[in-house]
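Report on one structure; see the data block that follows.
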Protein chains: 2
Amino acid sequence: MIDKACLCKTIDPHQMEKLVANAPSETEAQRLSDFFKVFGDPTRLKIIYYLSRHELCVADLSSLVGMQQSAVSHQLKVLRMSRLVKTRKDGVTIYYSLDDHHVFTLYELAQQHLKEQS
Amino acid sequence: MIDKACLCKTIDPHQMEKLVANAPSETEAQRLSDFFKVFGDPTRLKIIYYLSRHELCVADLSSLVGMQQSAVSHQLKVLRMSRLVKTRKDGVTIYYSLDDHHVFTLYELAQQHLKEQS
DNA sequence: ACAATATATGAACACATATTCATATAAGGA
DNA sequence: TCCTTATATGAATATGTGTTCATATATTGT
């Protein structure tokens, strides 16, 4: 793998070894990208925003993001599976809230990034 | 929009107004998700990792991530268009490097997140 | 001018993803 | 028990995305 590199003159073989040694493994890269993928949809981002401010039931989220209940349910499943949200049941109503302190940090970092480059 | 909400008893109309007022607009949500989408691919993440350590030419990146030169070029275009990388030309060789201080921060935050929940 | 090399690009294809519609499940009240 | 309401789920569909193959562009050396 390394031997095929064009050896760009700006990097020596020893540095190259180090790069490869610390590189994310295939599964690690897959996991990381799967995590980011969750944030890569406007509807989910809106849901994340709302949940970052207040726990909400599905029906409320549905009207807030302006999308059918079914669509929101499907997206909440994605958020649940990536453990970004948690649920609380009260009778027939299910309240969702954020279940991770990193989530909103990431959201804000990205926001800041976009602000800076505009 | 708000009036259709089921008024979940845990949130009053006044709070609801505030939520909506501060919510990301349609275009803002779109921009944010587009940004995150860039990170949502293992190949691009690997490229980002390598570039976070050292500037590299396309051929090196190609062999490092174990993917055809064409595929890497296509992904580099995505990274260029989202202004995450910059280029330096030396003859016929083009060196890529990261062009944003937020990028690796995001990468590391996500890494930390995955570590914590495992 | 020509050959060789590095990178970029367009078309094609396979695969993933978001939404909708219809319907299932589950809980509460009459 | 039956009806109503909140949420979840499966199938279908349309759209988006990543990779490959073939080829174009551009630069250097002969």
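In what follows, chains carry the letters A, B, and so on, assigned in the order in which the sequence lines appear, proteins first and then strands, with residues in each chain numbered from 1.
- Summarising the geometry, atom CD belonging to A:Gln30 is positioned 8.5 Å from atom NZ belonging to B:Lys46; distances are rounded to the nearest 0.5 Å.
- Here the C1' atom of nucleotide C:dA16 and the CD atom of A:Gln30 are 12 Å apart, to the nearest Å.
- Rounded to whole Å, the distance from NZ on B:Lys77 to P on C:dG10 is 6 Å.
- Atom-to-atom, CZ of B:Phe39 to P of D:dG18 comes out at 14 Å; the value is rounded to the nearest Å.
- Overall, the helix from C:dA1-D:dT30 to C:dA30-D:dT1 carries an axis bend of 20° between its ends, with five pairs at each end and the value rounded to 10°.
- Atom CG of A:Leu19 is separated from atom NE2 of A:His14 by 11.0 Å, given to the nearest 0.5 angstrom.
- For B:Lys46 and D:dG18, the NZ to P distance is 14 Å, given to the nearest whole Å.
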Dump every N/O contact between nucleotides 18-22 of chain C and the protein below 3.5 Å, one line per pair.
{"unit_1": "C:dA18", "atom_1": "OP1", "unit_2": "A:Arg44", "atom_2": "NH1", "d": "3.0"}
{"unit_1": "C:dA18", "atom_1": "OP1", "unit_2": "A:Arg44", "atom_2": "NH2", "d": "2.7"}
{"unit_1": "C:dA18", "atom_1": "OP2", "unit_2": "A:Arg44", "atom_2": "NH1", "d": "3.4"}
{"unit_1": "C:dT19", "atom_1": "OP1", "unit_2": "A:Thr43", "atom_2": "OG1", "d": "2.7"}
{"unit_1": "C:dT19", "atom_1": "OP2", "unit_2": "A:Gln75", "atom_2": "NE2", "d": "2.6"}
{"unit_1": "C:dT20", "atom_1": "O4", "unit_2": "A:His74", "atom_2": "NE2", "d": "3.3"}
{"unit_1": "C:dC21", "atom_1": "OP2", "unit_2": "A:Gln68", "atom_2": "NE2", "d": "2.9"}
{"unit_1": "C:dC21", "atom_1": "N4", "unit_2": "A:Ser70", "atom_2": "OG", "d": "2.6"}

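- Rounded to an integer number of Å, the gap from B:Leu61 CG to D:dT19 P is 14 Å.
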With ring pair (Phe, Tyr, Trp, His ring centres under 6.0 Å) as the criterion, how do A:Phe39 and A:Phe36 come out once you've worked through the C-alpha distance, each side chain's angles and the decisive distance to 0.1 Å?
CA-CA 5 Å; A:Phe39 293 83; A:Phe36 280 116; 7.2 Å; no
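- In this structure, A:Arg31 does not pair ionically with A:Asp34, as no charged nitrogen and carboxylate oxygen lie closer than 4.0 Å.
- Distance, A:Arg80 CZ to D:dT7 P: 12 Å, rounded to whole Å.
- B:Met81 is not connected to B:Val103 by any chain of hydrophobic side-chain contacts under 4.5 Å among Ile, Leu, Val, Met, Phe, Trp and Tyr, and they are in different clusters.
- When rounded to the nearest whole Å, the span between CG of A:Asp34 and P of C:dC15 equals 18 Å.
- Summarising the geometry, atom NE2 belonging to A:His113 is positioned 9.0 Å from atom NE2 belonging to B:His101; distances are rounded to the nearest 0.5 Å.
- A:Ser52 contributes a side-chain N or O that, together with a main-chain N or O of A:Tyr49, makes up a donor-acceptor pair within less than 3.5 Å.
- A distance of 7.0 Å separates CG of B:Asp41 from NZ of A:Lys37, quoted to the nearest 0.5 Å.
- Under the 3.5 Å distance criterion, the side-chain polar atoms of B:Ser62 are left unmatched by any main-chain donor or acceptor of B:Val58.
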Quick test: give all pairs of protein nitrogen or oxygen and nucleotides 24-30 of chain D nitrogen or oxygen below 3.5 Å, distance rounded to 0.1 Å.
{"unit_1": "D:dT27", "atom_1": "OP1", "unit_2": "B:Lys89", "atom_2": "NZ", "d": "3.1"}

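- Applying the 4.0 Å criterion to OP1 and OP2 of C:dA6, one finds that B:Tyr96 has every side-chain N and O outside that range.
- Neither B:Ile11 nor A:Val92 shares a network with the other; the hydrophobic side chains, linked directly or stepwise wherever heavy atoms of I, L, V, M, F, W or Y lie under 4.5 Å apart, form separate groups for each.
- Taking atom CG of residue B:Leu76 and atom P of nucleotide C:dA8, one finds them 7 Å apart after rounding to whole Å.
- Distance alone, capped at 3.5 Å, places no donor-acceptor pair between the B:Tyr95 side chain and the B:Glu55 backbone.
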